[in-house]
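So the structure is just underneath, and the comments pick up after that.
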Amino acid sequence: LPAPQVEARTLAMLHGLLQQLHAACSHLAAGARAFPSSVQETAGHVRHGVEGVQASLAGARSFQDLSGWVLAQSRDAVTRAQLSLEGLLEHVGQHTPLPWLVGPFAPALVEYPEDVPVDMSKWEGCVTVG
């Protein structure tokens, strides 16, 4: 492929990835409403950072449209978003009850009728209930 086509495809992929990232961050911010205000605020900062990157790169039609300053600012915003997301994951892992994360269908909580044989070898190491 000629260089202009490769460049156009690369920029199109970048725009598509930023749209997906923005949608994921918006979903994250909406889901954070169930958490403390500090978590909500962090999720909002992540979303706003991604929106800033998206806005900075939206008008680019070629690599020449992307100054070193814009690329550096975008890289910094993405790095801050990544660090914030890592902090959110750590918070959720430390402060959220396990059943909320796993759901009600954890294998150790499954009950079987007494007349049906169960192959217990696959449950080795699991905690049984009852």
Side-chain angles (χ1 to χ4, degrees):
L1 291 175
Q5 284 182 328
V6 171
E7 188 174 350
R9 285 186 176 186
T10 302
L11 286 171
M13 275 186 3
L14 175 62
H15 292 301
L17 289 171
L18 285 171
Q19 287 175 344
Q20 290 177 26
L21 183 58
H22 182 261
C25 288
S26 295
H27 186 70
L28 172 70
R33 292 183 187 132
F35 289 96
S37 61
S38 62
V39 173
Q40 294 176 39
E41 188 175 311
T42 301
H45 287 311
V46 170
R47 189 187 75 225
H48 290 302
V50 170
E51 287 171 351
V53 171
Q54 200 172 20
S56 296
L57 303 180
R61 299 292 171 246
S62 71
F63 292 135
Q64 285 73 31
D65 294 340
L66 301 173
S67 70
W69 183 82
V70 167
L71 291 174
Q73 293 289 66
S74 297
R75 184 182 62 239
D76 289 346
V78 169
T79 300
R80 284 191 308 273
Q82 178 183 359
L83 292 172
S84 295
L85 286 173
E86 288 172 2
L88 285 176
L89 287 173
E90 185 176 326
H91 176 85
V92 168
Q94 291 177 357
H95 297 95
T96 305
L98 186 59
W100 187 86
L101 293 174
V102 175
F105 304 109
L109 301 178
V110 174
E111 294 182 24
Y112 293 95
E114 295 199 17
D115 59 340
V116 177
V118 177
D119 178 13
M120 292 307 290
S121 64
K122 67 180 177 182
W123 302 107
E124 187 174 323
C126 290
V127 176
T128 57
V129 177

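Looking at Glu51 and His48, their side chains do bring a donor and an acceptor atom within 3.5 Å of each other.
To the nearest 0.5 angstrom, Leu18 atom CG is 11.5 Å from Met13 atom CE. Here the straight-line distance linking atom OG of Ser56 with atom CG of Asp65 works out to 13.0 Å at 0.5 Å rounding. The distance from atom CD of Gln82 to atom CZ of Arg80, rounded to the nearest 0.5 Å, is 12.5 Å.
Under a hydrophobic-cluster definition in which Ile, Leu, Val, Met, Phe, Trp and Tyr are linked whenever side-chain heavy atoms come within less than 4.5 Å, directly or via other members, Leu11 and Val78 are assigned to the same cluster. With hydrophobic clusters built from ILVMFWY side chains whose heavy atoms lie under 4.5 angstrom apart, Phe63 shares a cluster with Trp69. In the hydrophobic clustering of ILVMFWY residues, with side-chain heavy atoms under 4.5 Å counting as a link, Phe35 and Leu88 come out together. Leu83 and Val46 fall into different hydrophobic clusters, where Ile, Leu, Val, Met, Phe, Trp and Tyr residues are linked whenever their side-chain heavy atoms come under 4.5 Å apart, directly or through other members. Transitive grouping of hydrophobic side chains (ILVMFWY, heavy atoms separated by less than 4.5 Å) keeps Leu71 and Val50 in distinct clusters.
When every heavy atom of Arg47 is checked against every heavy atom of Ser26, the shortest pair comes out as CD-OG, 3.5 Å. Nearest heavy atom pair, residue His15 against residue Leu57, reads CE1-O, 2.8 Å. The shortest non-hydrogen separation linking Ala29 to Ala43 is CA-CB, 3.9 Å.
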Full working for side-chain contact (heavy atoms from CB on, under 4.5 Å) between Leu28 and Leu85 = CA-CA 10 Å; Leu28 172 70; Leu85 286 173; 3.3 Å; yes

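Remark: His27 NE2 is loosely packed, at most 12 non-hydrogen atoms of other residues, nucleotides or ligands lying under 6.0 Å away.
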